[in-house]
J.: 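What follows is a structure written as structure tokens; I'll ask about it next.
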Amino acid sequence: MSEPQVDLSPKTWDRITTTTCYMCACRCGIKVYLKDGRVRYIEGNRDHPVNKGVLCAKGAAGIMQHRSPARLSEPLLRVGPRGSGTFRAIAWEEALLTATQWLGDVRSRDPRKLAFFTGRDQSQALTGWWASQFGTPNYAAHGGFCSVNMAAAGLYTLGGSFWEFGEPDWRYAKYFLLFGVAEDHASNPIKTGLGRLKARGAKIVSINPVRTGYSAIADEWIGIRPGTDGLLVGALIHELLKAGQVDLDYLARYTNASWLVIMDEGAADHGLIARFEGAPLVLDRRNGRPGLAADPQVRPALHGEASLPDGRRAVPVFRLLVERYLSPDASPDAVAGRCGVAAATIRRLAAELADTAFRQAIELDIPWRDVHGRRHAKMVGRPVAMHAMRGISAHSNGFHTCRAIHVLQLILGTIDVPGGFRYKPPFPKAPPPAVKPAGRPDEIAPMTPLPGPPLGFVTEPRDLLVDRDGRPCRIDKAYSWEAPFAAHGLMHTVIGNAARGDPYPIDVLFLYMANMSWNSAMNVSSTIADLTALQPDGTYKIPKIIYSDAYCSEMVAYADLVLPDTTYLERWDCISLLDRPISEADGPADAIRQPVVEPDRDVRPFQDVLLDLGHRLGLPGMATAQGGPRYPGGYADYIVHHERAPGIGPLAGFRGRDGSQAGKGEANPEQLERYIENGCHWYRELPAHMRYYRFANRDYLDWSVQFGFNAKADAIVMQLYCEPLQRFRLAAQGHGDVKPPAEHRPRIERYFDPLPIWYPPFEEDAVDSAAYPLHAVTQRPMAMYHSWGSQNAWLRQIIGRNWLYMSDVKAKELGLESGDWVRVDSSHGRIVVEIRTMSGVNPDTVWTWNAIGKRSGAWNLAKDAPESRQGFLLNHLIAELLPQRDGGFRYANCDPVTGQAAWYDLRVRVEKVPPEMMSLPQFASLDLPPGTGPRPVVLDGRP
Amino acid sequence: MHPAYSVIIFSTLSGAGYGLLALGALAGAAHGPASSFAFGALVMAIGLGLITAGLLASTFHLGHPERAWRAVSQWRSSWLSREGVTALATYVPALVFGWLWLDPQSSPIAIRIAGLALAAMCALTVICTAMIYASLATIRQWRHPIVVPVYLVMALATGAAILLAIAVPFGRGAVVLGVIAIMALLAAMALKLWYWRAIDREPRVLSIAMATGLSEPVRQWEPAHTARNFVMREMGYRVGRRHARRLRRLVLALFGLAGLLALPALLAGSGVAASLAAAGSAAAALTGALIERWLFFAEAEHVSSLYYGAVGA
Amino acid sequence: MTSLPDSSAPGQVKLGLVIDLDTCVGCQACAVACKEWNTQGYHAPLTDQDPYGADPVGVWLNRVHAYETGEGAAARTVHFPRSCLHCEDAACVTVCPTGASYKRQSDGIVLVNPDTCIGCKLCSWACPYGAREYDYGEGVMKKCTLCIDRIYNQHLEAEDRQPACVRACPTGARHFGDLGDRDSAVSRLVSERGGYDLLPELGYRPVNKYLPLRQRDGAPPTAAAAGDLQPLGDGDGSLLDSFFAWVDRALGA
Ligand SMILES: Nc1nc2c(c(=O)[nH]1)N[C@H]1C(S)=C(S)[C@@H](COP(=O)(O)OP(=O)(O)OC[C@H]3O[C@@H](n4cnc5c(=O)[nH]c(N)nc54)[C@H](O)[C@@H]3O)O[C@H]1N2
Ligand SMILES: Nc1nc2c(c(=O)[nH]1)N[C@H]1C(S)=C(S)[C@@H](COP(=O)(O)OP(=O)(O)OC[C@H]3O[C@@H](n4cnc5c(=O)[nH]c(N)nc54)[C@H](O)[C@@H]3O)O[C@H]1N2
Ligand code: SF4
Ligand code: SF4
Ligand code: SF4
Ligand code: SF4
Ligand code: SF4
Ligand SMILES: [Mo]
């Protein structure tokens with residue numbers, strides 16, 4: 001009997017086309033296999049700079065997202081009470097007329113009354129521009145509740161940042177320090193990079209209370225106590241300084257270590273940088289007198305003291321830094337207890353860092369020129385790379401902790417050098433980038449665009465968006481004294497503030513791609529209450545809510561008008577350098593999404609709808625003089641023809657009439673075709689001599705100006721000492737014309753320290769640690785993306801419910817074991833859930849997977865689905881406001897500098913309860929909106 | 001292992017059937033033609049009925065019963081295939097024997113040859129069934145030298161009890177059959193006790209650490225998927241110790257009862273009371289056998305369950 | 001076709017996977033890529049029962065488990081992908097009554113013929129590794145095919161002719177090749193890293209190999225060896241003085 005004949009070369013497709021994945025924000029290139037116009041298979045695109053062919057679990061499950069029975073299929077108008085989920089399906093024309101009328105009213109009376117906020121938005125270049133053309137300052141994307149601490153700390157310090165704006169030098173790093181990362185945005189690149197480090201035998205150290213995923217394969221796991229990284233990093237700096245393991249040349253050349261700080265207690269410019277005609281001064285070691293920092297002849301001192309022309313004292317930044325970090329309370333022994341990391345371990349880590357950075361330094365034979373025209377024969381590398389994300393940023397001390405990590409990298413000389421942390425173009429930019437937020441009272445008028453973008457970087461109190469009495473101008477209080485450096489806004493405060501009418505009531509809340517009534521809400525039930533809160537006259541406190549979603553998420557039920565979007569395989573998108581770039585460290589890149597299948601429902605791409613609304617509202621740039629649509633071809637038309645500045649548009653590739661230019665160039669009508677020919681992406685690899693030291697790399701900086709990344713080709717001096725912080729502190733001390741109201745002064749004075757500080761996370765400080773002894777945090781599950789993965793038939797089998805994980809040791813102490821049910825109390829809320837125990841978790845910490853818990857009935861899952869029956873969110877425990885301070889004032893639960901949501905400050909108590917069938921709280925089941933379902937009972941993959 | 005009812009019913013019924021046919025065949029081999037047509041016909045009918053019912057039941061276990069015929073093709077390597085072959089083959093001597101046995105004119109020699117052949121085929125089939133389990137390296141409780149004898153004796157005991165129940169009303173051979181039934185039942189009880197003690201004594205030699213090659217101690221941290229799957233359903237089945245103990249005692253009790261109910265027959269030889277008792281004895285024996293078979297599955301621990309977090313196998 | 005190829009025959013090709021437990025982060029990419037490819041694949045797709053309900057049950061040919069191993073400082077979390085190991089002594093093949101389960105002579109891949117499988121499940125009982133999953137929807141047994149419809153597929157670009165799971169794996173923890181050939185990349189990897197068999201004591205002689213966790217005790221390529229850092233200066237004078245004195249020396253006055 002012979003073997004059966006197997007068809008070794010089946011062809012299950014008739015067409016393969018490329019586009020960009022959007023199962024998460026990593027934005028990998030994919031190849032989509034189609035048969036008879038139906039999606040059959042999705043694989044990673046090997047030619048794509050981001051993922052180079054690999055594909056993650058979410059990406060591979062794209063088909064199930066595209067076919068999800070939870071997809072919305074027509075515009076909806078609410079008929080029942082908000083939250084009841086009773087809708088009437090309406091035609092697009094009615095939907096657009098309604099929206100136009102609601103928004104038109106607002107714009108003609110008071111544009112601020114529109115709050116437009118977006119979640120997983122990947123077209124922020126469009127949505128932000130739309131908001132400013134509309135004339136409302138009340139715009140932001142999700143960054144405020146995500147990781148603005150990373151962005152701000154990085155951009156104010158390095159002119160680049162962690163998050164996805166830079167990456168470790170996977171090629172040359174020998175030692176990799178990973179702070180608080182479970183997954184991150186660069187999902188695939190980080191995994192690929194870790195694989196490369198492994199293959200090279202580099203050492204990976206993961207600092208994380210939980211030992212899973214990346215931490216599981218780390219050579220060393222440091223199970224730190226949440227919120228204490230600032231102390232750990234300080235102790236490392238202490239050890240390195242103490243032993244003189246510092247790259248002095250690097251500091252002197254490329255950072256503001258040598259800049260002179262005015263020492264004049266009580267003066268209006270105390271603690272500011274001493275300048276001559278705006279140019280920073282240093283102490284010249286040749287003659288002991290102040291000289292210009294920018295003068296290559298000058299040999300700057302890193303300590304000592306200068307007397308300024310006006311006779312006042314000034315000392316180099318580095319001296320202040322060293323004084324702070326050499327103090328005994330920064331020593332390993334002083335912090336070990338608090339961090340839960342042995343002093344000996346901290347010392348060893350410091351030794352390993354120093355050894356790798358200095359004794360294992362690498363040199364690439366790549367000649368390059370610095371800004372002063374000095375030629376360097378080699379590129380010296382300090383092969384210590386670091387990366388950090390939300391374990392650092394999601395704390396109320398995250399901004400300073402992240403700054404401390406940058407200082408650690410700077411004293412080791414590892415920023416943008418071989419083996420270190422590398423910028424991704426368009427970064428580096430001036431720290432901080434020279435964009436100021438628009439939206440001061442005098443900048444807002446009916447029917448008038450803002451003079452600038454709603455988001456930017458403040459450097460002095462005058463830049464804040466506050467009225468004459470120092471009250472916030474924005475609904476989310478970004479750029480107010482409550483969150484001065486809120487570079488990404490504070491999306492998490494919008495609904496609460498709007499319902500409270502604090503600082504003022506709004507008329508229309510316009511949300512896009514954000515599940516704000518569920519997993520992106522701090523304190524879900526109060527958010528739901530705010531969304532449904534009534535005025536005495538029976539009308540809603542938030543009068544109108546417009547929402548665009550593609551699926552029947554928890555948020556849909558709370559919208560008055562639902563604009564159903566396409567799935568990511570059904571639309572044009574643009575992954576732009578003006579937005580969140582997908583560049584490689586070796587060069588700039590951008591990409592597009594193209595529709596690979598036609599929608600089979602009455603849905604429209606949100607960006608088309610937004611441009612259509614813009615035209616109907618007559619927004620400048622979206623309507624022609626004659627009142628016609630400026631972009632009749634919709635978003636695709638906009639992508640090709642929109643110019644932000646002369647020659648600069650959403651896409652950098654294939655510009656110019658003939659598509660021969662990159663960066664700057666005339667619009668190219670064939671641009672999208674060229675992108676498609678090129679696999680839907682564009683990537684320009686920089687020549688070797690422009691790939692490192694870019695903050696001071698003559699050729700790179702010149703090129704960056706031609707290309708349109710930077711306005712000037714000046715050196716980018718990295719800021720150990722963050723002068724803007726000091727400017728705010730001075731204001732709090734009563735200097736300058738824009739001062740904080742009295743109640744905010746102590747806070748500004750304390751937290752606006754120009755050098756990194758550490759303070760206990762606010763909640764830990766506020767609540768009784770004995771009553772709430774445990775930290776509670778979440779992690780990203782690699783196979784799920786926030787709330788939207790659970791509707792996916794494949795992914796939900798992998799993780800269809802969650803448990804609360806705690807350490808064996810702690811469980812024993814509390815008389816608990818795996819499978820027990822517990823009541824988890826925070827100072828603010830309560831949940832009842834099932835636990836699992838493990839060894840790989842800090843004993844003072846409990847954790848769970850993020851956003852697995854679902855509300856019954858949402859996402860077109862069975863009402864008794866495990867996601868809603870056993871699954872749960874920690875969000876119910878997280879307060880949106882900090883406990884009352886004296887004067888009854890309550891700050892948002894945020895970082896005081898940036899306004900970043902402090903998700904991981906949470907403290908809880910855990911007690912055993914009798915076994916339950918269901919996790920608590922449970923919410924009333926949501927009904928399916930019209931046009932969703934039916935739910936298949938069997939999937940057999942057959943088309 | 002998940003106790004699949006189709007398989008349990010199949011192996012108990014067909015076991016009893018082969019036991020019954022084998023004894024009938026031996027009786028024939030010893031005494032020549034059936035004492036009465038009715039008696040012989042009843043024995044053959046019930047015997048063939050039981051094995052046929054069993055075989056049919058077994059096909060409910062299949063995803064594609066209509067392809068069942070393919071199962072006889074791999075007799076060279078597969079015990080399941082061999083079982084199929086012998087089961088089918090057994091019909092031949094069975095029919096020949098039956099035809100001869102029921103015919104008072106047939107020559108005793110012919111009956112003896114056919115009878116011995118049939119008895120041998122019955123034993124062979126039961127051995128094949130047992131070997132399906134006894135040959136699996138993946139299940140300690142099955143890969144055990146006593147498993148084959150157990151299957152044989154169980155078949156004999158249940159078969160004998162049934163034959164007794166048929167014989168008594170006819171007032172024939174009750175004494176001999178009674179003795180055989182009681183002996184077989186006692187043997188079955190003894191073997192099962194021995195078997196259970198053996199599998200209880202045997203330590204669980206395999207651990208998650210061995211299954212994964214990781215260093216002790218190893219435990220499942222998170223399931224591969226939170227959703228269930230075939231392997232968890234089929235191999236992950238574990239019965240509670242106390243529950244199992246209770247059922248074991250029940251099995252012994254039922255076999256004991258079956259033995260006791262066989263006594264009246266042995267003593268009285270015939271009569272209504274003895275007949276009823278014998279019928280009861282058969283019923284008790286079959287019920288006991290069904291529970292024994294259920295336990296045989298439920299107590300079996302499959303190696304693959306280690307990957308799903310079972311502490312040992 | 002239940003007779004097994006003679007694994008000792010010279011030049012016998014033994015295609016299989018090598019999985020690096022020291023690199024796997026448990027991302028599940030391989031599991032889903034496998035599900036995706038084999039669901040759209042050339043025959044009997046992998047079905048999912050009650051996919052949006054309370055108790056979904058689906059067929060997966062590759063599952064990624066997670067274990068904790070070791071104690072104290074040696075404790076580790078390990079992500080552990082598990083699929084068919086294409087054993088040389090594959091009892092799952094020999095027990096099959098129909099011959100639907102077979103091991104290919106040419107490359108040792110163990111397959112199920114979905115057209116002749118009767119769904120008796122005996123092969124899954126015979127597999128110690130839980131690598132076979134019965135498809136309640138199709139009524140036949142499913143298992144890893146080693147992507148036989150990819151690795152030889154003329155319609156795929158040469159570099160794509162590898163298993164979907166290997167192709168997808170972001171960390172490069174999965175390797176595919178001929179373990180029968182001593183000099184193949186995978187064989188060398190196995191000998192360098194001490195790749196091992198699962199449950200060798202059962203005698204199934206798996207072709208797939210697992211690469212063990214690298215030893216961690218003080219092994220960091222960099223200097224735990226270097227010992228703690230020595231503070232500057234002769235000790236007298238404050239830390240600050242000795243530090244700045246060093247700065248002057250370092251910068252050269
Ligand atoms: N698969 C998948 N990928 C995603 C997402 C997703 O939902 N799914 N979401 C995307 C989004 S929006 C974001 S913002 C990124 C976030 O990606 P990550 O930055 O990885 O964010 P988290 O998953 O919250 O991981 C935070 C990590 O920090 C640890 N941690 C908590 N507190 C501390 C602390 O005080 N110190 C230290 N050192 N560690 C701490 C936690 O244990 C956890 O491992 O992921 C993006 N990528
Ligand atoms: N406890 C806790 N809470 C957290 C976090 C945490 O770590 N712990 N992380 C926080 C962070 S960092 C973030 S970024 C937020 C993320 O929270 P969200 O920004 O709310 O992200 P999602 O939950 O993915 O919700 C996105 C919404 O967009 C919809 N959507 C999906 N695809 C499309 C599409 O193509 N078009 C349209 N119009 N809509 C679409 C989805 O259906 C979903 O309703 O969660 C925050 N919440
Ligand atoms: S990481 Fe995964 S989900 Fe995110 S874009 Fe890449 S492939 Fe898609
Ligand atoms: S894809 Fe690779 S890293 Fe991810 S689980 Fe599979 S083997 Fe591990
Ligand atoms: S792993 Fe299991 S299914 Fe695969 S060959 Fe080995 S025994 Fe057969
Ligand atoms: S299930 Fe199919 S492949 Fe497995 S043994 Fe039975 S017939 Fe053979
Ligand atoms: S080789 Fe193919 S079938 Fe086997 S596990 Fe990998 S992807 Fe699945
Ligand atoms: Mo985020």
Side-chain angles (χ1 to χ4, degrees), chain A residues 1 3-4 6-12 40-41 54-57 60-61 175 188 191-192 194-195 198 201 203 211-214 216-217 219 239 242-245 248 302-303 322 326 347-348 350-352 354-356 782-783 793-794 797-798 838-840 861-862 864-865 935 938-941, chain C residues 1 22-23 25-29 32-33 35-37 39-42 45 47-54 56 58 68 75 77 79 99 102 104 113 137 148-149 152-155 167-172 216 220-224 226-232 239-240 243-244 246-247 250-251:
Chain A
M1 187 167 156
E3 290 180 2
V6 177
D7 178 359
L8 298 178
S9 292
K11 193 158 183 290
T12 57
R40 300 293 285 147
Y41 185 64
V54 304
L55 197 70
C56 85
Y175 198 98
N188 278 331
K191 293 180 185 71
T192 311
L194 290 171
K198 280 279 175 182
K203 179 170 182 179
R211 190 191 60 214
T212 61
Y214 304 164
I217 65 161
D219 299 271
E239 284 295 291
K242 205 168 94 185
Q245 297 295 324
L248 294 174
L302 290 178
H303 67 101
V322 171
L326 274 185
R347 287 198 198 86
R348 179 172 48 78
E352 291 179 10
D355 179 82
T356 318
M782 289 184 184
W794 292 345
Q797 289 180 52
I798 297 175
M838 63 191 288
S839 73
L861 298 178
D864 57 352
R935 250 189 334 250
V938 177
L939 290 176
D940 65 6
Chain C
M1 182 56 218
D22 194 61
T23 300
V25 294
C27 71
Q28 301 274 0
V32 184
K35 176 89 171 165
E36 188 194 21
W37 175 260
T39 290
Q40 63 94 50
Y42 63 107
T47 66
D48 300 289
Q49 315 294 313
D50 195 18
Y52 302 98
E68 282 194 327
T77 306
H79 300 286
Y102 64 103
R104 283 161 51 91
N113 179 348
I148 190 158
D149 51 342
Y152 302 114
N153 196 323
Q154 298 306 316
H155 301 298
R167 171 83 169 67
C169 176
T171 62
R216 292 290 191 275
T222 171
D228 281 0
L229 294 170
Q230 291 316 311
L232 296 159
L239 270 179
L240 275 177
F243 178 77
F244 288 130
W246 167 79
V247 169
L251 289 175

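Order of the sequence lines sets the chain letters (A, B, ...), proteins ahead of strands, with each chain counted from 1. Excluded from the calculations below are hydrogen atoms, water molecules and symmetry mates; all remaining heavy atoms, backbone and side chain alike, are included.
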J.: For A/L55 and C/A29, work out which heavy atoms get closest and say how close.
T.: O-CB, 3.3 Å

J.: What class does the angle between the rings of A/H303 and C/F244 fall in, given that below 30° is parallel, 30 to 60° is tilted and above 60° is perpendicular?
T.: parallel

J.: Is there a donor-acceptor pair closer than 3.5 Å between any side-chain N or O of C/T77 and the backbone N or O of A/A216?
T.: no

J.: Looking at every non-hydrogen atom in both residues, tell me the closest pair between C/V247 and A/L248 and how far apart they are.
T.: CA-CD1, 4.0 Å

J.: To the nearest 0.5 Å, how far apart are CG in A/L8 and CD in C/Q154?
T.: 9.0 Å

J.: So do A/V6 and C/D149 actually touch side chain to side chain, heavy atoms under 4.5 Å?
T.: no

J.: Judged by atom type as modelled, is there a donor-acceptor pair below 3.5 Å linking the side chain of A/Q797 to the main-chain atoms of C/G58?
T.: yes

J.: Are the side chain of C/E68 and the backbone N or O of A/S839 linked by a donor-acceptor pair below 3.5 Å?
T.: yes

J.: Identify the heavy atoms of A/R935 and C/Y52 that sit nearest to each other, and give their distance.
T.: CD-CB, 3.3 Å

J.: Give the member of A/V322, A/L302, A/D864, A/T212 that has the highest number of heavy-atom pairs under 4.5 Å with chain C.
T.: A/V322

J.: For the pair C/T171 (side chain) and A/G195 (backbone), establish whether a donor and an acceptor sit closer than 3.5 Å, ignoring hydrogens and angles.
T.: no

J.: Could you pull out all residues at least two apart from A/E239 that satisfy salt bridge (Lys or Arg N to Asp or Glu O under 4.0 Å)?
T.: A/K242

J.: If you count heavy-atom pairs within less than 4.5 Å of chain C, which of A/N188, A/L194, A/T192 leads?
T.: A/T192

J.: Which region of C/H155, side chain (C-beta onward) or backbone (N, CA, C, O), has a non-hydrogen atom less than 4.5 Å from a non-hydrogen atom of chain A, or is it both or neither?
T.: both

J.: Report yes or no: does C/N153 contribute a side-chain atom to a donor-acceptor pair with the main-chain N or O of A/P10 at less than 3.5 Å?
T.: yes

J.: Between C/C169 and chain A, which part of the residue has a heavy atom less than 4.5 Å away: side chain, backbone, both or neither?
T.: backbone

J.: How far apart are the closest heavy atoms of A/Y41 and C/A33, and which atoms are they?
T.: CE1-O, 4.3 Å

J.: Under 4.5 Å from any heavy atom of chain A, what part of C/F243 do you find: side chain, backbone, both or neither?
T.: side chain

J.: Can you tell which of C/A250, C/P56, C/G172 has the highest number of heavy-atom pairs within less than 4.5 Å of chain A?
T.: C/P56

J.: Side chain from CB out, backbone as N, CA, C, O: work out which of these in A/A354 comes under 4.5 Å of a heavy atom of chain C, or both, or neither.
T.: side chain

J.: Roughly how far, to the nearest 0.5 Å, is CG of C/D228 from CD of A/E352?
T.: 10.0 Å

J.: Only pairs of heavy atoms separated by less than 4.5 Å count here; which of C/Q49, C/H79, C/K35 has the most with chain A?
T.: C/K35

J.: Any non-hydrogen side-chain atom of A/M782 less than 4.5 Å from a side-chain atom of C/Q28?
T.: no

J.: Need one label for A/L861: side chain, backbone, both or neither, based on atoms under 4.5 Å from any heavy atom in chain C.
T.: both

J.: Any idea which of A/G213, A/G840, A/A350, A/A783 has the most non-hydrogen atom pairs under 4.5 angstrom with chain C?
T.: A/G213

J.: Would you please name every residue forming a side chain to side chain donor-acceptor pair (under 3.5 Å) with A/K191, sequence neighbours left out?
T.: A/E183, A/Y214

